[in-house]
Amino acid sequence: MPRRQVSFSIPVEECHIVTMLSTVMLALAITSTRAALNVDLESADSIRFAAGLVASKLMDYYHGEEPGQTPGILPGPPPAGPYYWWEGGALWGTMVDYWHYTHSQFYNDLTLRALVYQANPPHNDYMPPNWTASLGNDDQGFWGMSAMLAAETTFKNPPPGQPQWLALAQAVFNTQAERWDMRYCNGGLRWQIPLSNNGYNYKNSIANAIFFNLGARLARYTNNRTYAEWAGKTWDWMEGVGYIDKKNWNVYDGGHVEGNCTDINRAQFSYTAAIFVQGCGFLYNYTNGEQKWRDRLEGLTNRTLNNFFLSQPKAGTRPAAMEPSCELEERNQCTTDMLSFKGYLHRWMAQTTQMAPFVRGVVMPVLRESVRSMAESCLPDGTCGFRWNRGQYDGNTGAGQQMNALGALVSLLVEQPEVKEAVTAKNGGTSAGDPNAGREGEVGEWEGESEVITDADRVGAAVVTILMVGTVMGMMIWVSTTTGEEEEYARVMRGEKKKGKGRMIERT
């Protein structure tokens, strides 16, 4: 219904008071937007306190515990909200690291419930049918990496009878190994999982990077070389197809199967490079310093620092994390997904310094200066913007921006003596695993080579898919057509900025 118009008048003698109050409030507003997050980067306690403020603002965007809401996910997917399912998995990985670095248990129960709720029981493979219409290998993989992190940091285990962290990570890895596709491009994972989804014909670096990363970490945790062999196979495929530039260590975005993955999209994103950096760090550690993994780690680390921290648009500015493919000097064209990449970049680069201490001297000084720049992009209450190289808050807010700031802050705590490196099954690990999790075959059948898919297979599979998800066909239509994730991903020119509300405060 239309709003009613209300008119009123203010006595002349009170006008001056109103004017003065308005002036004061405006001055305070301007001051608040120029003030930065107060944090002493030389004090671990100060970093923890600032991280608590940022975490509180981050959790304002989460409504999964409210009546009628879905546990584990951020508001979405579009058009219900700006966030796709995968970003919930990224959120909980961030919160596991928040606990690991700060030792605050305030959000632990919430984090556990979220990671378990979205596991897709009884399969427990992070492939819930509700999200089939936008389910990619990278989406599933983000949840798997968060479960892997929970195992590596000895995060609180779920109760007996519920899915366990290590088994969840193994299930994600196993289901993806079975989807390794030899028909096109001589291997690799496709971006999307259901063949009815937009993007099924695209093999991208992020899906394969996550598979590589999980293989490296599972190899170290379980001491099972099969995982390491898969990781090595994935690296070789990335180089062979040209997604990793062997000369300059660039990591490009992907290509389409119709062109045998030769139509390479040369956009580069920080989280893809950082996932490979972290995976190389784990393989360097697992192989006791094997030279090829040292060389790869060193090359990727230097390139990642140069691409995403040191190549600033203005001379003389300090290093600050940025997304050069979408964060342009004259405008920001990053999508909602891309607005969250800086936090993963910080967290994974920092964690790599534990696996391969020889990179610490080049990584940590850059991360520290980036955090210093990040603090200037935040308000004193912990609300943070997106651009870190402007020296001020830009008003571009959201869950991704808060994850960025939180990931950056906690990354500096990696040097604290009480922050332990990732455990293994034989060295402090407590999470129960299942090498057959997510699989229908035997463990030994790990060739990973998919059957050749004919056009008849595609038609039959499409019919089965339609029958299985008929009750959610409306969702499939809006996700798999012009408002889908692939168009958002490719249509970088638009960008998005939406925010939610809520309240969950950790008392510090």
Side-chain angles (χ1 to χ4, degrees), residues 39 41 43-56 58-59 62 88-116 142-158 164-166 168-169 213-214 216-218 220-221 271 274-275 277-279 281-282 285 340 342-357 360 363-364 367-368 371 402-425 427-431 506 508:
V39 55
L41 300 187
S43 166
D45 286 340
S46 179
I47 294 172
R48 293 187 194 103
F49 183 84
L53 293 176
V54 173
S56 173
L58 168 58
M59 296 310 292
Y62 179 62
L91 167 64
W92 304 116
T94 301
M95 299 314 293
V96 170
D97 260 347
Y98 172 68
W99 159 79
H100 179 58
Y101 287 115
T102 68
H103 310 297
S104 168
Q105 300 182 35
F106 187 76
Y107 302 105
N108 282 15
D109 289 343
L110 192 68
T111 301
L112 187 151
R113 285 196 297 273
L115 285 170
V116 169
F142 255 91
W143 288 88
M145 288 194 300
S146 293
M148 189 73 233
L149 179 64
E152 292 166 340
T153 56
T154 64
F155 187 74
K156 178 181 178 181
N157 288 318
Q164 303 300 303
W165 306 133
L166 178 59
L168 283 167
N213 183 285
L214 278 175
R217 293 161 70 178
L218 284 166
R220 181 178 177 274
Y221 193 99
Y271 76 148
I275 289 177
V277 167
Q278 187 190 41
F282 270 85
N285 188 283
S340 70
K342 297 176 184 179
Y344 320 137
L345 171 66
H346 263 264
R347 288 168 48 214
W348 298 334
M349 295 293 287
Q351 202 272 342
T352 301
T353 67
Q354 291 184 313
M355 294 292 99
R360 184 176 297 152
V363 169
M364 293 311 299
L367 295 188
R368 185 171 299 276
V371 175
Q402 292 300 125
M403 280 195 279
N404 289 342
L406 184 57
L409 282 166
V410 300
S411 72
L412 297 189
L413 297 173
V414 73
E415 297 181 306
Q416 295 302 305
E418 68 273 14
V419 176
K420 305 302 181 184
E421 68 177 40
V423 302
T424 67
N427 184 25
T430 62
S431 185
E506 177 179 12
T508 54

Non-hydrogen atoms of Gly279 and Asn213 that approach each other most closely: N-ND2, 3.7 Å
Validation row: Leu149, Arg217 side chains within 4.5 angstrom (heavy atoms): yes
Close side-chain approach of Thr352 to Val363, heavy-atom, < 4.5 Å: no
Heavy-atom donor-acceptor pair, Ser56 side chain to Leu53 backbone, under 3.5 Å: no
side-chain hydrogen bond (donor to acceptor under 3.5 Å, both in side chains) evaluation trace for His100 with Thr153: CA-CA 7 Å; His100 179 58; Thr153 56; 4.9 Å; no
Nearest non-hydrogen partners of Gly88 and Trp143, listed with the distance: C-CZ2, 3.6 Å
Sub-6.0 Å ring centroid separation between Trp92 and Tyr62: yes
Atom pair CG (Leu218) and CG (Leu166), whose distance is rounded to the nearest 0.5 Å: 6.5 Å
Any donor-acceptor N or O pair under 3.5 Å, side chains Thr94, Arg347: yes
Met364 versus Ser411, closest heavy-atom pair with distance: CE-O, 3.8 Å
Non-hydrogen side-chain atoms of Leu58 and Met403 separated by less than 4.5 Å: yes
Glu152 with Lys420: basic N within carboxylate O range, under 4.0 Å: no
Point-to-point distance, once rounded to the nearest 0.5 Å, from NZ of Lys342 to NE2 of His346: 9.0 Å
Verdict with supporting geometry, Met95 and Asn108, side chain to side chain contact (heavy atoms under 4.5 Å, CB included): CA-CA 8 Å; Met95 299 314 293; Asn108 282 15; over 6 Å; no
Val277 side chain near Trp348 side chain, heavy-atom distance below 4.5 Å: no
Any Glu418 side-chain heavy atom under 4.5 Å of Tyr101 side chain: no
Nearest-0.5 Å distance that lies between atom CG in Leu112 and atom CG in Asn157: 8.5 Å
Atom pair CZ (Phe282) and CD (Glu421), whose distance is rounded to the nearest 0.5 Å: 8.5 Å
Matching residue for Val410 among Thr102, Ile47, Val54 - test: side chain to side chain contact (heavy atoms under 4.5 Å, CB included): Thr102
Euclidean distance, Leu367 CG relative to Leu412 CG, rounded to 0.5 Å: 7.0 Å
Side-chain H-bond candidate by donor/acceptor type, Asn404 with Ser340, under 3.5 Å: no
Worked verdict on Val96 versus Ser146 for side chain to side chain contact (heavy atoms under 4.5 Å, CB included): CA-CA 8 Å; Val96 170; Ser146 293; 5.8 Å; no
Centroid-centroid under 6.0 Å between Trp99 and Phe155 rings: yes
Taking every non-hydrogen atom, the tightest pair across Asn427 and Val423: O-CB, 3.3 Å
Intermediate values then yes/no, side chain to side chain contact (heavy atoms under 4.5 Å, CB included), Lys156 and Asp109: CA-CA 9 Å; Lys156 178 181 178 181; Asp109 289 343; 2.7 Å; yes
Arg360 and Val414, any side-chain heavy atoms less than 4.5 Å apart: no
Worked check of side chain to side chain contact (heavy atoms under 4.5 Å, CB included) between Met59 and Gln402: CA-CA 9 Å; Met59 296 310 292; Gln402 292 300 125; over 6 Å; no
Val39 vs Val371 side-chain heavy atoms within contact, under 4.5 Å: no
Leu345 side, atom CG; Ile275 side, atom CD1 - distance, nearest 0.5 Å: 10.5 Å
Shortest non-hydrogen separation from Gly144 to Ala169 and the atoms involved: O-CB, 3.9 Å
Worked verdict on Tyr344 versus Phe142 for ring-ring contact (aromatic ring centres under 6.0 Å, His included): CA-CA 11 Å; Tyr344 320 137; Phe142 255 91; 5.4 Å; yes
Test item: Met148 and Trp165 side chains (from C-beta on) under 4.5 Å apart, heavy atoms: no
Check: Arg368 side chain, Leu41 main-chain N or O, donor-acceptor pair, under 3.5 Å: yes
